[in-house]
2 protein chains.
Amino acid sequence: MVQGRRDNPDGRERLVRTAFALFAEKGFDSVTVRDIAAASSVSVGLINHHFGSKDGLREAVDEFFIAQFEDAITDAAPQGLSATQDPAELIDAWIERHAEDWPTIVAYFRRALLEESDWGFSLFQRFYGFVQSTVMRMDAAGQLAPDVDRLWLPFLMMYLELGTMVFDPYIKRVLGRSGYDRELWQRRHRAYMTLIRRGASSRRAGG
Amino acid sequence: MVQGRRDNPDGRERLVRTAFALFAEKGFDSVTVRDIAAASSVSVGLINHHFGSKDGLREAVDEFFIAQFEDAITDAAPQGLSATQDPAELIDAWIERHAEDWPTIVAYFRRALLEESDWGFSLFQRFYGFVQSTVMRMDAAGQLAPDVDRLWLPFLMMYLELGTMVFDPYIKRVLGRSGYDRELWQRRHRAYMTLIRRGASSRRAGG
DNA sequence: ATCGGGACTGAACAATTGTGCAGTATTTCA
DNA sequence: TGAAATACTGCACAATTGTTCAGTCCCGAT
């Protein structure tokens with residue numbers, strides 16, 4: 001009974017899914033309870049019935065987002081075949097699999113980061129913890145150049161990832177398609193790796 | 001008469017300056033005309049008297065921001081002494097000079113970028129044009145490594161700059177002070193230059 | 001002195017938005 | 001089948017917000 005069926009969900013679940021998409025697209029404040037109710041084909045009152053308030057709905061949607069997000073990233077390794085696969089192909093397959101839900105997840109993440117809530121901060125902090133420990137591990141393994149700033153590097157690496165997320169609406173307008181589109185996304189990832197590893201300068205100019 | 005005096009400005013100018021600060025701090029939608037009027041010690045009606053609407057005020061504030069911004073960055077080269085100066089000292093002096101107004105300018109820029117208005121897009125686009133042409137010049141001069149992605153590099157460079165701007169509220173909470181604070185700002189700039197030039201990997205690990 | 005125009009006020013207004021609630025429909029369980 | 005619980009409706013309400021406007025204040029020109 002608690003199990004939401006994707007095909008014919010009840011009012012509560014439809015509210016959460018619709019609100020998730022609307023919040024991701026327009027931001028929490030720009031979406032009215034009437035918008036959500038109409039898009040979910042339920043009445044306004046149902047929101048307060050199930051969630052107490054619009055903020056209550058937000059909490060439920062936040063949880064839904066976390067679940068969606070973890071579903072997506074946990075799914076990194078495909079079922080049967082494993083070590084034999086080419087990493088690039090794995091990424092390709094992953095992108096293929098999440099072509100539908102990933103853009104909304106990213107857009108919601110973006111909104112959460114930009115509204116300066118405590119919750120957004122906790123997302124930022126978690127990501128920071130992850131990147132920073134990765135950098136520290138690299139450092140311990142001697143993989144980091146000695147003159148690299150240990151304080152800023154994690155943030156700069158985050159900016160490269162989060163910038164892709166935050167400024168994607170502008171990428172869409174400049175390049176005509178999302179940076180999360182298959183080919184672009186892959187190119188960006190390679191460009192990111194190259195930049196981190198070797199910088200952008202040619203050998204003779206660098207230094 | 002049109003000249004606004006900083007010491008005792010009239011209602012119109014006080015409205016613009018106050019709204020500038022408030023929009024930068026909270027964002028356009030989160031500031032009410034009553035907030036602005038109260039903080040400016042004028043009545044609500046005066047906003048519509050001078051600017052026609054809240055959106056009219058926004059346009060005036062946008063212009064004010066552009067002027068402030070250009071004032072600040074045009075001021076890069078100090079008056080008398082020039083070529084003899086150490087670049088680091090120049091930057092130091094600049095930061096010193098704009099310690100008061102720069103944070104608000106940055107915060108307003110940030111808001112403008114994050115509200116997905118056409119105006120915000122034009123700011124993004126202008127910045128992109130600048131960075132892209134810089135990259136193209138570097139490329140023409142043979143300063144760019146051959147395997148660097150020419151499409152993404154300008155965006156990644158922008159993300160490093162804009163990320164500093166957009167995520168500064170979180171930097172404040174993680175590090176306890178703004179990334180635009182003198183010493184941090186300088187370190188960040190050096191870390192940025194190092195990353196672009198050589199990447200982060202040590203020689204033996206890189207490649 | 002006074003007349004005119006612009007700066008300025010603040011109460012009133014309409015639109016929007018979140019919430020409360022009384023009532024109805026539907027499901028669940030004995 | 002019947003009754004209680006739960007899902008759901010939709011109108012009414014209060015609060016907020018941008019805007020309007022009739023009127024006041026103040027300064028400069030005649």
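Letters go in sequence order (proteins before strands), and every chain restarts at 1. Atom set for the values below is all heavy atoms of this structure, side chains included, hydrogens, waters and symmetry mates excluded.
Here C:dT17 presents its C1' atom at 15 Å from CG of A:Leu57, a figure rounded to the nearest Å. Atom CD of B:Glu13 is separated from atom P of C:dA7 by 14 Å (rounded to the nearest Å). Here D:dC8 presents its P atom at 16 Å from CD1 of A:Ile36, a figure rounded to the nearest Å. One atom, CZ of A:Phe28, and another, P of C:dT17, lie 13 Å apart when rounded to the nearest Å. In this structure, B:Asp10 atom CG and D:dC25 atom C1' are separated by 16 Å, rounded to whole Å.
The side-chain tip of B:Arg111 does not point at the ring of B:Phe28 from less than 6.0 angstrom away and within 45° of straight on.
Between B:Phe121 and A:Tyr170, the angle of the ring planes stays under 30°, which puts this pair in the parallel group of the 30/60° scheme. Ring pair A:Phe155/A:Tyr128 is parallel by interplanar angle, where below 30° counts as parallel and above 60° as perpendicular. In this structure, B:Phe20 and B:Tyr108 have tilted ring planes: the angle between them lies in the 30° to 60° band.
With C:dG10, D:dT9, C:dA7 as the candidates, the nucleotide lying closest to the side chain of A:Leu46 is D:dT9. Here the side chain of B:His50 is nearest to one of C:dT9, D:dC8, C:dC8, namely C:dC8.
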Check nucleotides 19-23 of chain D against the protein and report each pair of N or O atoms closer than 3.5 Å, with its distance, or say if there are none.
{"from": "D:dT19", "atom 1": "OP2", "to": "B:Lys54", "atom 2": "N", "distance (Å)": "2.7"}

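Side chain of B:Ser133 to main chain of B:Phe130: a donor-acceptor pair is present (N/O by atom type, distance under 3.5 Å, no hydrogens or angles).
With respect to the salt-bridge test (charged N to carboxylate O, under 4.0 angstrom), the residues A:Arg58 and A:Glu63 do not qualify.
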